[in-house]
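For reference, the structure is listed below as structure tokens.
Convention: sequence-line order gives letters A, B, ...; per-chain numbering from 1.
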Amino acid sequence: MRSSQVLIATLKETPADAEIISHQLMLRAGLIRRSASGLYTWLPMGLKVLRKAEAIVREEMAKAGAQELLMPSIQPAELWQQTGRWEKYGPELLRINDRHGREFCYGPTHEEVITDLVGQEIRSYKQLPITFYQIQTKFRDEIRPRFGLMRAREFLMKDAYSFHLDQDSLQQTYDTMFAAYTRIFERMGLNFRPVLADTGSIGGNASHEFHVLASSGEDAIAFSNQSQYAANVELAEAIAPSGERPAPTATMAAVDTPKQHTIEQVCDFMKVSADQCVKTLLVEGVAEDSVVALVLRGDHELNDVKAEKHSLVASPLTFATPEQVTAACGANIGSIGPVGLTIPVIVDRAAAHLADFICGANQNGQHLAGVNWVRDLPEPETVDLRNVIAGDASPDGEGNLEIARGIEVGHIFQLGDNYSQKLNANVLAESGKAQILTMGCYGIGVSRVVAAAIEQHHDDRGIIWPLALAPFQVVLVPINAHKSVRLRDAAEAMYQQLLDAGFDILFDDRKQRPGVAFADMDLIGIPHRLILGERGLDEGLVEYKCRADGSDAEFAISDVIEQLTQRMEA
RNA sequence: CGGGGUAUAGCGCAGUCUGGUAGCGCACUUGUCUGGGGGACAAGGGGUCGCAAGUUCGAAUCUUGCUACUCCGACCA
């Protein structure tokens with residue numbers, strides 16, 4: 001394609017409201033433009049990228065045996081009322097009335113529609129298992145859209161749904177999808193990790209999120225440096241420290257710690273490290289007006305979700321008021337500790353492993369040092385209460401955890417029969433009896449993948465597209481072609497030759513100065529660049545530059561196809 | 001929804017405090033020179049200063065109300 005035929009809408013300056021790199025670069029490179037909050041137009045150059053991402057998804061879905069269909073973006077309220085989500089989904093669901101006053105919503109997801117469809121169309125177990133997918137525009141009325149396409153309200157999603165007679169079959173398709181997702185993100189050239197996700201009520205290894213690793217990611221991921229283990233930080237289990245708890249060596253003694261309230265202050269004051277202290281947090285209990293003490297090592301952070309799962313702890317997690325704290329401990333927050341408490345005390349595994357530790361004395365302005373479980377206070381009830389931190393042992397026993405940030409671009413999970421039951425999706429089984437279907441569900445945020453790829457692949461000059469996603473693989477830049485017929489002819493000939501050879505090539509035939517062309521193409525991020533100038537032409541040479549590593553080369557014009565092919569395969 | 005901020009040319013911004021003919025840079029148009037990393041000079045085009053009401057001889061500027069956008073937080077099967 002010729003650049004005179006594609007809108008090249010590059011911007012020199014960064015629009016003020018773009019916070020993150022991918023948003024800035026997508027605007028600057030002329031891939032997208034904002035229409036309203038969370039709503040974007042894909043400009044031609046950007047759409048080429050989006051279509052490439054879609055094509056990869058389609059190919060891999062086909063290989064995985066999924067069939068493409070297209071459901072309506074607007075869905076009738078009745079289906080959502082049947083599954084109860086019309087009430088449950090909340091204001092994120094954009095509700096619409098038609099001229100007759102009938103209620104609809106703009107679909108944020110399509111479980112209802114597909115389940116309803118399958119319930120009507122699939123009648124026999126012989127037709128199972130079956131998987132459908134679509135690539136559809138979704139709308140979620142986010143409270144606060146931000147980060148451009150990363151968290152837009154309208155976005156493009158691939159969603160697939162599989163239907164089965166039994167769990168085994170579901171597990172099989174799930175595994176197939178897991179493999180397909182891995183191939184998709186590999187083909188896109190992304191550094192990603194499948195991550196264990198919240199399995200909710202279903203249990204087992206029934207849900208994985210696929211995260212693209214990038215420092216701007218919204219989610220923290222813990223992964224083992226030696227095994228495949230990876231999980232959302234909130235979910236990763238903090239296992240008990242190995243070995244026996246050390247024996248007490250110190251005697252318990254009260255220390256005056258005037259005005260030292262935080263762990264940091266106490267550590268500073270007493271010249272100890274935070275991992276020798278425990279912190280005590282009081283939260284509301286399940287029983288009315290009750291409070292429960294949660295005890296963590298000083299350098300650890302409470303994990304709300306884990307705490308809420310405890311049978312004595314009220315959900316949602318609510319911290320006790322200062323009055324409640326004083327009533328339960330006889331001291332203010334900042335001087336409380338587990339020694340001598342009459343309320344339930346729940347202790348994190350790591351804190352329970354300490355000996356000779358420091359804690360608040362339940363006496364204002366005092367802490368206790370040399371405290372030991374069993375000797376000074378009862379052997380505690382021990383559970384996993386904290387967020388994992390870098391260096392913790394991996395829960396699968398292999399290696400240690402590292403923490404990275406990730407952008408969730410895919411999510412697969414086993415739905416069970418939630419929807420099929422409510423929408424009455426059943427088939428006749430071999431036995432001749434009706435049987436409710438069990439379902440799996442598999443999503444990829446296609447538009448988000450594009451943004452995530454940029455977050456992961458850019459430099460200060462612009463985007464560096466992975467070859468598979470680039471709007472064009474190659475750009476041909478003739479230098480000052482408008483001044484030389486000879487050069488123009490040579491460039492045209494090369495363009496035609498590369499086109500015929502099947503290259504996805506952009507011919508920058510604009511009457512621009514070379515610097516402008518170079519800067520634009522760097523910003524847009526086209527992986528391979530060919531430069532044809534009078535100088536080279538005299539010697540029969542064309543110049544080459546690689547966007548990713550900046551390396552350049554010169555080779556004979558007659559070798560251009562071979563040379564390019566070689567570099568693309570590298 | 002709570003707390004901040006912003007709204008002036010396509011983009012980035014100044015001007016608002018202290019009311020008096022609407023500005024700068026980039027982009028755009030034309031011409032000349034230039035011509036291998038966002039060129040120079042010259043001449044141009046483009047704005048109901050977010051909307052509405054008010055104060056005033058006079059409002060981008062002061063007052064009130066509204067709207068949109070944006071940042072932080074809460075929220076996010």
Are A/Glu142 and A/Arg151 ion-paired here, with the side-chain N under 4.0 Å from a carboxylate O?
yes
Salt bridge or not for A/Glu111 and A/Arg85, using N-O below 4.0 Å?
yes
Using purine N1 to pyrimidine N3 plus N6-O4 or O6-N4 for Watson-Crick, or N1-O2 and O6-N3 for G-U wobble, both under 3.5 Å, which nucleotide pairs with B/G25?
B/C11
Would you call A/Arg2 and A/Asp508 a salt bridge, using N to O less than 4.0 angstrom?
no
Complementary nucleotide for B/G47 - Watson-Crick or wobble, under 3.5 Å
none
Assign A/Thr109 to base, sugar-phosphate, or nothing according to its heavy-atom contacts below 4.0 angstrom with the strands shown.
nothing
Considering every strand shown, what is the Watson-Crick or G-U wobble mate of B/G73 when both distances are under 3.5 Å?
B/C1
Counting only Watson-Crick or G-U wobble pairs whose two distances fall under 3.5 Å, which nucleotide matches B/G58?
none
Within residues 473-493 of chain A, the residues having a heavy atom closer than 4.0 Å to RNA chain B are A/Ile479, A/Asn480, A/His482, A/Lys483
Just to be sure I understand the rule, does A/Lys545 reach a base, reach only the sugar-phosphate, or reach nothing, if contact means heavy atoms closer than 4.0 Å?
base
Could you check which nucleotide pairs with B/U6 in any of the strands shown, counting Watson-Crick or G-U wobble with both distances under 3.5 Å?
B/A68
Say we look at B/G45 and B/A9: how far apart would their C1' atoms be, to the nearest angstrom?
11 Å
Given that both distances must come in under 3.5 Å, which nucleotide forms a Watson-Crick or G-U wobble pair with B/C41?
B/G31
Would you call the rings of A/His411 and A/Phe413 parallel, tilted or perpendicular, where under 30° means parallel and over 60° means perpendicular?
tilted
Provide the distance between the two P atoms, one in B/U48 and one in B/A40, to the nearest whole Å.
30 Å
Whole-Å C1' distance, B/G4 and B/A14
23 Å
Indicate, with a heavy-atom threshold strictly under 4.0 Å, whether A/Glu19 touches base, sugar-phosphate, or nothing.
sugar-phosphate
Please report the distance separating the P of B/A27 from the corresponding atom of B/G39, rounded so that it comes out in whole Å.
7 Å
Using the C1' atom on both, measure B/G15 against B/G23 and round to a whole Å.
7 Å
Could you pick out which residue, A/Met157 or A/Thr10, lies toward the 5' side of RNA chain B when each is mapped onto its nearest nucleotide?
A/Thr10
If each of A/Leu11 and A/Cys441 is mapped to the nucleotide of RNA chain B with the nearest heavy atom, which maps nearer the 5' terminus, i.e. the 5' end?
A/Leu11
Would you measure the distance from the C1' atom in B/U29 across to the matching atom in B/G37 and give it in whole Å?
25 Å
Does A/Leu294 form a side-chain contact (heavy atoms from CB on, under 4.5 Å) with A/Leu302? I'd like the steps, not just the answer.
CA-CA 9 Å; A/Leu294 306 177; A/Leu302 179 69; 3.9 Å; yes
Any base atoms under 4.0 Å from A/Arg529, or only sugar-phosphate, or nothing? Heavy atoms, all strands.
base
Quote, to the nearest angstrom, the P distance that separates B/C57 from B/C13.
37 Å
Span that lies between the P atom of B/C69 and that of B/G31, in whole angstrom:
42 Å
When you measure from every atom of RNA chain B, which of residues 135-144 of chain A have a heavy atom less than 4.0 Å away?
A/Ile143, A/Arg144
Does a side-chain N-to-carboxylate-O contact under 4.0 Å join A/Asp141 and A/Arg153?
yes
Check this for me, if you would: do A/Asp520 and A/Arg510 make a salt bridge, where the nitrogen-to-carboxylate-oxygen distance has to be below 4.0 angstrom?
yes
Please check: side-chain N/O of A/His23 versus main-chain N/O of A/Ala451, any donor-acceptor pairing under 3.5 Å?
no
Please work out which of the three classes, parallel, tilted or perpendicular, describes the rings of A/Tyr106 and A/Phe139, given edges at 30° and 60°.
tilted
Does a salt bridge link A/Arg486 with A/Asp538, judged by any charged N lying under 4.0 Å from a carboxylate O?
yes
Quick one: how far along RNA chain B does chain A reach, first to last nucleotide 5' to 3', anything under 4.0 Å to a heavy atom?
B/C1 to B/A77
A/His208 vs A/Phe178 aromatic rings, parallel, tilted or perpendicular, using cut-offs 30° and 60°?
perpendicular
Let me confirm one number: the OH-CG distance from A/Tyr133 to A/Asp159, rounded to the nearest 0.5 Å.
11.0 Å
Should B/G36 form a Watson-Crick or G-U wobble pair with both distances under 3.5 Å, which nucleotide is its partner?
none
Given the side-chain rings of A/Tyr161 and A/Phe132, with only the six-membered ring counted for Trp, is the space between their centroids under 6.0 Å?
no
